[in-house]
Protein chains: 2
Amino acid sequence: MIRISKKVEYALIALKFISKSGDRVVTAREISDSTNIPYDLLSKILQKLKNENILASNQGSYGGYSLNKRPEDIPLLNVMNVLDGETAITECMIENHDIECCHTDTCSIKSPIIQLQKEFEELFRNKKISDFV
Amino acid sequence: MIRISKKVEYALIALKFISKSGDRVVTAREISDSTNIPYDLLSKILQKLKNENILASNQGSYGGYSLNKRPEDIPLLNVMNVLDGETAITECMIENHDIECCHTDTCSIKSPIIQLQKEFEELFRNKKISDFV
DNA sequence: CACAAATAGGACTATATTAGTCCAAATTAG
DNA sequence: CTAATTTGGACTAATATAGTCCTATTTGTG
């Protein structure tokens, strides 16, 4: 059941919330309270987005998060990769995949899978956070 | 880690195998032996494809499977839906979804998600089994 | 300095999904 | 009748996702 993870879904909601808040920094608590996203989980998500320089953060009281890039410069694919790891449509598409696929000899669908992988990535790379704001 | 399931991967390999076999019926055992796909799992997959009229089957000895549609008339999305259930990019995209999303009031990303869902489906609907053969 | 409000992040648990296995029944050609 | 096959239910194992808990660190303010 191919699906976008909750983490990514929450990230989109949070990013929208932050981008609607102007220059003001926004706390994880604030987002959690107004969206019902579990606080602890949300914190992890925001931290990862910060480590990827999508968000900027200030610690300490009166701290919080703010956007570090323009929404139109943040591809959805980026957010997905940050939160859930590399987006590989099949196991054998994972880069540096050292586990030999047991179908290697017989698997003749590899090249169309590579093509599909490309189109898939393109779809999610062309979607920007601005499309969700 | 958004990914096509093994079931679908196996189905693609099996469908390719069958379509390469001309008019001859092909047994699950035969496919399993030459592709290393676990026999029991493969059987289930072929049965589901049969129930969906993508394959035709003959029981008994000298039985087996054959294509019931032209590869170019079988969308990948169909195979995915048959094997893994409805393809909904997020939980709230599942049709007749009666569980109220706890973000309903605050979730303002619904309309772009619907749009993404459409584009996603289009990608996988336009891919046909013939693209993998 | 002490405190409160934040981010930061490791470790863990619970739940759900996916993958795979086992078993028995029904069908059919020879 | 028998062997080869599809059919299909029930179960187990493995993996991934979602969520929780706890503690450390940072920093503005009284």
Side-chain angles (χ1 to χ4, degrees), chain A residues 1-11 13-14 18 24-33 35-52 54-66 68 80 83-88 90-91 94 99 101-103, chain B residues 1-11 13-14 18 24-33 35-52 55-66 68 80 82-88 90-91 94 99 101-103:
Chain A
M1 232 176 322
I2 204 163
R3 185 161 301 172
I4 283 179
S5 72
K6 288 279 179 196
K7 279 185 199 169
V8 172
E9 206 179 318
Y10 292 162
I13 295 172
I18 295 169
R24 189 168 67 82
V25 300
V26 180
T27 67
R29 176 63 61 193
E30 196 182 342
I31 301 174
S32 169
D33 285 347
T35 59
N36 295 318
I37 297 171
Y39 174 77
D40 287 306
L41 188 52
L42 178 64
S43 296
K44 296 289 163 58
I45 292 168
L46 297 175
Q47 280 162 37
K48 280 193 177 178
L49 293 174
K50 184 256 167 178
N51 288 337
E52 217 53 30
I54 292 170
L55 292 177
S57 72
N58 301 108
Q59 274 186 295
S61 41
Y62 293 82
Y65 295 94
S66 56
N68 202 30
M80 288 164 62
L83 296 174
D84 297 334
E86 195 190 339
T87 304
T90 57
E91 208 180 337
I94 302 170
I99 301 156
C101 169
C102 61
H103 309 293
Chain B
M1 235 178 318
I2 204 163
R3 184 161 302 173
I4 284 180
S5 72
K6 287 280 178 196
K7 280 186 199 169
V8 172
E9 208 180 317
Y10 292 161
I13 294 172
I18 296 170
R24 190 168 67 82
V25 300
V26 180
T27 67
R29 177 61 63 191
E30 197 184 341
I31 302 174
S32 168
D33 285 347
T35 59
N36 295 318
I37 297 170
Y39 173 76
D40 286 307
L41 188 52
L42 178 64
S43 296
K44 295 291 161 57
I45 292 167
L46 297 174
Q47 281 162 38
K48 280 194 177 175
L49 293 175
K50 183 255 167 178
N51 288 337
E52 217 53 31
L55 292 178
S57 72
N58 302 108
Q59 271 186 296
S61 40
Y62 293 80
Y65 295 94
S66 56
N68 202 30
M80 288 164 62
V82 168
L83 296 174
D84 296 333
E86 194 191 341
T87 304
T90 56
E91 206 179 340
I94 301 171
I99 302 156
C101 169
C102 60
H103 309 293

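As a basis for the values below, the full set of heavy atoms in this structure was taken, side chains included, without hydrogen atoms, waters or symmetry mates. Naming convention: chains lettered A, B, ... in sequence-line order (proteins, then strands); numbering from 1 in each chain.
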Q: Check whether any side-chain nitrogen or oxygen of B/Y65 sits under 4.0 Å from OP1 or OP2 of D/dT7, and answer yes or no.
A: yes
Q.
With rounding to the nearest 0.5 angstrom, report the OH to OG1 distance, A/Y10 to A/T35.
A. 8.5 Å
Q) How long is the line joining NZ of B/K6 and C1' of D/dA14, in whole Å? A) 13 Å
Q. Between B/E30 and B/R24, is the closest basic N to carboxylate O distance under 4.0 Å?
A. yes
Q: Could you tell me the separation between the NZ atom of B/K48 and the P atom of D/dT7, rounded to a whole number of Å?
A: 14 Å
(Q) If you compare all heavy atoms of B/I4 against all heavy atoms of B/E9, which two are closest, and at what distance to 0.1 Å? (A) CG2-N, 4.2 Å
(Q) Taking 4.0 Å as the cut-off, does a side-chain nitrogen or oxygen of B/N51 come that near to OP1 or OP2 on D/dG8? (A) yes
Q.
Looking at B/Q59 and D/dT6, is any side-chain donor or acceptor paired with a base atom of the opposite kind under 3.5 Å?
A. yes
**Q.** N or O in side chain of A/S61 less than 4.0 angstrom from D/dT26 OP1/OP2
**A.** no
Q) Is there a side-chain polar atom (N or O) of A/T27 under 4.0 Å from OP1 or OP2 of C/dT7? A) no
**Q.** Residue B/A28, side-chain atoms from C-beta onward, closest of D/dT29, C/dA8, D/dT6
**A.** D/dT6
Q.
Five pairs per end, C1' atoms only: what is the angle between the end axes of the helix from C/dC1-D/dG30 to C/dG30-D/dC1, to 10 degrees?
A. 0°
**Q.** d(CG, A/L55; P, C/dT7) in whole Å
**A.** 11 Å
(Q) Measuring from atom CD1 of A/I31 to atom CG of A/N36, what distance do you get when rounded to the nearest 0.5 angstrom? (A) 13.0 Å
Q | Heavy-atom pair with the smallest gap, counting every atom of A/A56 and A/N68 | A | N-CB, 3.8 Å
Q) With sugar-phosphate meaning primed atoms plus P, OP1 and OP2, does A/D84 contact a base, only sugar-phosphate, or nothing at under 4.0 Å between heavy atoms? A) nothing
Q | OP1 or OP2 of C/dA5 under 4.0 Å from side-chain N/O of A/Y39 | A | no
Q) Does a nitrogen or oxygen in the side chain of B/K50 sit under 4.0 Å from OP1 or OP2 of D/dT7? A) yes
Q) With sugar-phosphate meaning primed atoms plus P, OP1 and OP2, does B/K44 contact a base, only sugar-phosphate, or nothing at under 4.0 Å between heavy atoms? A) base
(Q) Checking contacts here: which listed nucleotide (C/dC22, D/dA18, C/dT7) is nearest the side-chain heavy atoms of B/D40? (A) C/dC22
Q) Whole Å only: how far is the CD atom of A/E52 from the P atom of C/dA8? A) 14 Å
Q. With a 4.5 Å heavy-atom cut-off, do B/Q47 and B/Y65 have their side chains touching?
A. yes
Q) B/Y62 has a side chain; which of C/dG30, C/dA26, C/dC22 sits nearest to it? A) C/dG30
Q: Spell out, as yes or no, whether a donor-acceptor pair under 3.5 Å connects the side chain of A/R3 to the backbone of B/A88.
A: yes
Q) Roughly how many Å is it from CD1 in A/I4 to C1' in D/dA18, rounded to a whole number? A) 16 Å
Q | Contact nearer the 5' end of DNA chain C, comparing A/R29 with A/I2 | A | A/R29
Q. With a 4.5 Å limit on heavy-atom distance, are the side chains of A/K50 and A/I54 in contact?
A. no
Q: With DNA chain D as reference, determine whether B/Q47 or A/V8 sits nearer its 5' end, using the nearest nucleotide of each.
A: B/Q47
Q | Rounded distance in Å - CG (B/L83) to C1' (C/dT18) | A | 12 Å
**Q.** Separation of C/dA19 P from B/N36 CG (nearest whole Å)
**A.** 17 Å
Q: Report the distance from atom CZ of B/R3 to atom P of C/dA19, rounded to the nearest whole Å.
A: 10 Å
